[in-house]
2 protein chains.
Amino acid sequence: MKRKLTLKSIAKEMDVSISTVSKALRDSPEISEETREKIKAYAKLYNYKPNNIALSLKNRKTNTIGVIIPQIVHHFFTTVIRGIEAEARENNYNVIICLSNNDFDKEVLNMELLANGSTDGFILSVSKETMQKEDYHHLNEVIEQGMPVVMFDRVVEGIPCDRVLINDTQGAKKGVTHMIRSGCRKIGIITSEDYVSVGRLRTEGYLDAHDDFGIEVDENRILKLDNIDDLDESAKKRIKTFIENNDLDGLFTVNELFAVYAARVIAKAGKTVPDDISIVCFTDGELSEHMMPSITAVSQHGEEMGRKAASILINKLERPEDETEEYGTSYIETSLIERESTRKLNR
Amino acid sequence: MKRKLTLKSIAKEMDVSISTVSKALRDSPEISEETREKIKAYAKLYNYKPNNIALSLKNRKTNTIGVIIPQIVHHFFTTVIRGIEAEARENNYNVIICLSNNDFDKEVLNMELLANGSTDGFILSVSKETMQKEDYHHLNEVIEQGMPVVMFDRVVEGIPCDRVLINDTQGAKKGVTHMIRSGCRKIGIITSEDYVSVGRLRTEGYLDAHDDFGIEVDENRILKLDNIDDLDESAKKRIKTFIENNDLDGLFTVNELFAVYAARVIAKAGKTVPDDISIVCFTDGELSEHMMPSITAVSQHGEEMGRKAASILINKLERPEDETEEYGTSYIETSLIERESTRKLNR
DNA sequence: CAACTTAACTTAATCGATTTAGTTAATTAA
DNA sequence: TTAATTAACTAAATCGATTAAGTTAAGTTG
């Protein structure tokens, strides 16, 4: 086993002091041209690379971003990570990803772990449980210690940090408006309870769209489920009853899964999409793209979101004592991807 | 801004030496009961947590696993990561994930970066470009430096490391056998050219299944595409012609995407699944689960694979000088998830 | 009472790198 | 010739933690 080179081992080999080696490698004029070249040649030959850990300790800077997300088995988060990764890499930052599994304790644990020197800052989307508990001491703690935090997608109020958000309200409004324009008048929505911020905002967009066209909203056409992340048996049952008991000609859902399952119920009921009922869902993932019929979707541009979040964080990290204590909220615009589940507009 | 506590700052505050603090916190009998309790109380009150970076440097152990994968926007890799994450967390390890985007240079760069002290070992699935180039110097280098490596799914030969693989041949065989048992006799396969290892192995399984039942294989029923990772326009065209020109009663595909597109072509041709034609695909992802009809799939158990890979790596890391220099290959068994795209067997 | 233990600490080395503050010997200026 | 300057290094502090190796003062033993 070949041991890794260190300044010390090089110094010993070349019979100079450690600081001479360090300075030579950093092209310090304090070291003679001759010695410098000799040391650099040696270092290159044996492929010396400084130890990151030692550098982190010395510089009190890890050049690492901690990312904490509820789930990774989720196309949206996956695309966000990709964006964060890309932006980080371009700026010479590492990325450590931790999953909270929507569990409050795990979120706290992960943050504490990473906060003890492993990362310079955080990008996170808070877990559902955290939102319910409204306990943000772990966030405030790391911020208090001077580590900047950028929240994305699932954000909470009252934390001194930057935010990157999908324009959820407008996205939902775009989708619902599209259906209204195509002639739908009895549009239902499958969304989440209001404590999940994205659910609440998308419901708002749904209402806004109706408002714009002066269409009254029937409360029965709004289904609020507990969980926005997955589709359990109880959710399936509620969606089934919801579809069966409502005479809808349009359906908006806050995620793909709900749309896909609803499509199943609709097909079983002998109705066709989009002739009898149109469908639009939030999130442009693989499901909506490949379903038959494919589903018109509000694309979230996750990668762009990830890049934005990373870029904001890195900016804060690079100019540390620029403590203006000002925090902003950036919005990522959505776009409507028209597919087979909605009727074409005749413009 | 509240500065983080260090042993030094505690020592100063309590008017003792740094080592007294360290020892007190680690319950050393060298320190009197009284002092110990006082220091521990103080540390607890102000929530002292040792700095990971300093510990890593001192212990020459980061308790971090580096994961390098070609893509994250891929359900399979996503599940593998989840498994790695879970296993790592249970054993007190961190996970750093880097994406190679199937790019050789990025794979090398990422490895070098992480190898300089950031991680204790690696779990990786090599990029397509690396396989083509057959340049594995970066792998050999980190191994040479004593960092264990575990390769999964996309592995290459001749590297001294452990491997975790899907039993591809057997998986494909299971799927095809199921269709044969359910009465199919004209089964087609959409696979990849032989140079992609997983494609070749799955084709083998397809042939094996036929062999077992003494069924002759018609060469025309085998479609080999260039790319196994995505579905481009040329692939779509070839799949379309393939389906239309073959009178099939069963279809096996090496991934979900091919199956989903084939299902589209089949539906357009006015045939129904599974009555006219059965479909089984490799990979159990969201697509096969939610399609209508849902698609019977050979599940790869990505999470189990991730756990296995992490567990092997951690084992090596925990018993370092157990240098038996023995490397093993573990196989993750596949399982068939029966869904709506195949006929039920009457047993 | 001198020699020896022991309890309870503190000093200092270490991990690997950077950097400030010395230290030489040679060169230049006065 | 002597002081001042400079080139080219080296020593030592530092980041934050651990730990082997001292160091005291008190208590114990013969």
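None of these values were measured; they are calculated from a predicted model.
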[X] [atom1] to [N] [atom2]: how many Å, rounded?
| X | N | atom1 | atom2 | value |
| --- | --- | --- | --- | --- |
| A:L7 | D:dA11 | CG | P | 15 Å |
| B:K58 | D:dT19 | NZ | C1' | 6 Å |
| A:D27 | D:dA8 | CG | P | 14 Å |
| B:L55 | D:dT19 | CG | C1' | 13 Å |
| A:I31 | D:dT10 | CD1 | P | 7 Å |

Between [X] (side chain) and [Y] (backbone), is there a donor-acceptor pair under 3.5 Å?
| X | Y | result |
| --- | --- | --- |
| A:T79 | A:F76 | yes |
| A:N91 | A:Y93 | no |
| A:N52 | B:S118 | no |
| B:S28 | B:A24 | no |
| B:E87 | B:A310 | no |
| B:N51 | A:G117 | no |

Touch class at under 4.0 angstrom, heavy-atom based, for [X] against every strand present:
| X | value |
| --- | --- |
| A:K8 | sugar-phosphate |
| A:I53 | nothing |
| A:T6 | sugar-phosphate |
| A:S56 | nothing |

*Under the 3.5 Å rule, do the base of D:dA8 and the side chain of A:T20 count as making a donor-acceptor pair?*
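Side chain to base: no pair below 3.5 Å.
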
*Taking atom types as they are modelled, is there a donor-acceptor pair under 3.5 Å from the base of D:dT10 to the side chain of A:K23?*
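Answer yes: a donor N or O sits under 3.5 Å from an acceptor.
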
_Terminal contacting nucleotides, 5' and 3', DNA chain C versus chain A (heavy atom, 4.0 Å)_ =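 Nucleotide range with atoms under 4.0 Å of chain A: C:dC15 to C:dA21.
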
_Residue whose nearest DNA chain C nucleotide is more 5′ - A:L5 or B:I18_ =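 Taking each residue's closest nucleotide, the earlier one in sequence belongs to B:I18.
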
*Under-4.0 Å side-chain N/O to phosphate OP1/OP2 contact, B:R26 with D:dT19*: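 Yes, B:R26 has a side-chain N/O under 4.0 Å of OP1/OP2 on D:dT19.
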
*Is any side-chain N or O of A:S32 closer than 4.0 Å to OP1 or OP2 of D:dA7?*
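No, outside the criterion.
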
*Do you see a donor-acceptor pair shorter than 3.5 Å between the side chains of B:D153 and B:S125?*
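Result is no, nothing qualifies.
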
